[in-house]
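Predicted, not measured: the structure shown is a model, and the values here were computed from it.
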Amino acid sequence: MNKKSDIQNKVEATLNSLQGITSATSGPFFFTRVQARMRKVERNVWEKISAYIARPTVAFAMVGFVLLMNTIAVFQHTKTANLASDQLDQSVYEEFNVAANTFYDYEIKEP
């Protein structure tokens, strides 16, 4: 019987030790931080690139670069167009510059 009373005393001592325990509480704003992490979506590479390109400084720089390249292309095209038209004019003049017209033979030669 001594064992039963020892066991009973140990059980009561264990239950008495649980008297001062309170429920666990989380820190302030814990729920908000957990929700934010759950809603956070990992961005892929294309989303990161598009976010970088959408910055105003990058967008203005790209627009300026495109305009610069277009003006260079226009000036190069007009330069080559002028050279080509000059060469075309010269070839047309040379083609129709005939010193003697051989279509009509004014002399009739009979053998």
Side-chain angles (χ1 to χ4, degrees):
M1 297 262 220
N2 205 7
K3 289 184 181 181
K4 283 187 179 182
S5 64
D6 267 349
I7 292 173
Q8 188 64 29
N9 288 339
K10 286 183 181 182
V11 168
E12 286 183 29
T14 305
L15 290 175
N16 288 337
S17 69
L18 297 176
Q19 292 288 334
I21 292 179
T22 60
S23 62
T25 59
S26 61
F29 305 109
F30 178 74
F31 184 67
T32 307
R33 289 183 294 201
V34 169
Q35 280 186 334
R37 282 195 184 171
M38 288 175 64
R39 289 181 183 159
K40 183 179 180 183
V41 177
E42 190 67 31
R43 298 189 313 174
N44 61 13
V45 175
W46 293 110
E47 289 175 342
K48 289 179 183 178
I49 290 172
S50 64
Y52 181 74
I53 291 174
R55 291 182 179 174
T57 54
V58 175
F60 285 132
M62 289 177 70
V63 168
F65 179 73
V66 168
L67 289 175
L68 176 70
M69 295 306 289
N70 281 337
T71 55
I72 290 172
V74 166
F75 285 127
Q76 289 293 327
H77 180 68
T78 56
K79 213 182 269 188
T80 56
N82 287 339
L83 292 175
S85 67
D86 289 344
Q87 290 175 353
L88 180 66
D89 290 343
Q90 290 175 358
S91 65
V92 168
Y93 292 141
E94 290 174 1
E95 183 178 336
F96 289 108
N97 188 9
V98 179
N101 195 354
T102 58
F103 291 116
Y104 302 107
D105 198 8
Y106 294 115
E107 295 180 21
I108 300 176
K109 297 181 182 177
E110 290 186 25

Are [X] and [Y] connected, step by step, through hydrophobic side chains (Ile, Leu, Val, Met, Phe, Trp, Tyr) whose heavy atoms are closer than 4.5 Å?
{"X": "Ile53", "Y": "Trp46", "value": "yes"}
{"X": "Val45", "Y": "Val58", "value": "yes"}
{"X": "Val66", "Y": "Met69", "value": "no"}

Minimum heavy-atom separation for [X] to [Y], with atom names?
{"X": "Arg33", "Y": "Pro28", "value": "NH2-O, 3.4 Å"}
{"X": "Arg43", "Y": "Lys48", "value": "O-CE, 3.6 Å"}
{"X": "Glu42", "Y": "Glu47", "value": "O-OE1, 4.5 Å"}

Could you measure the distance from the [atom1] atom of [X] to the [atom2] atom of [Y]? Nearest 0.5 Å is fine.
{"X": "Ser5", "Y": "Lys10", "atom1": "OG", "atom2": "NZ", "result": "10.5 Å"}
{"X": "Thr14", "Y": "Asn9", "atom1": "OG1", "atom2": "CG", "result": "10.5 Å"}
{"X": "Met62", "Y": "Arg55", "atom1": "CE", "atom2": "CZ", "result": "13.5 Å"}

**Study point:** Connected-component partners of Met38 among ILVMFWY, side-chain separation under 4.5 Å
**Key:**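 Via sub-4.5 Å side-chain contacts, Met38 links to Phe30, Val34.
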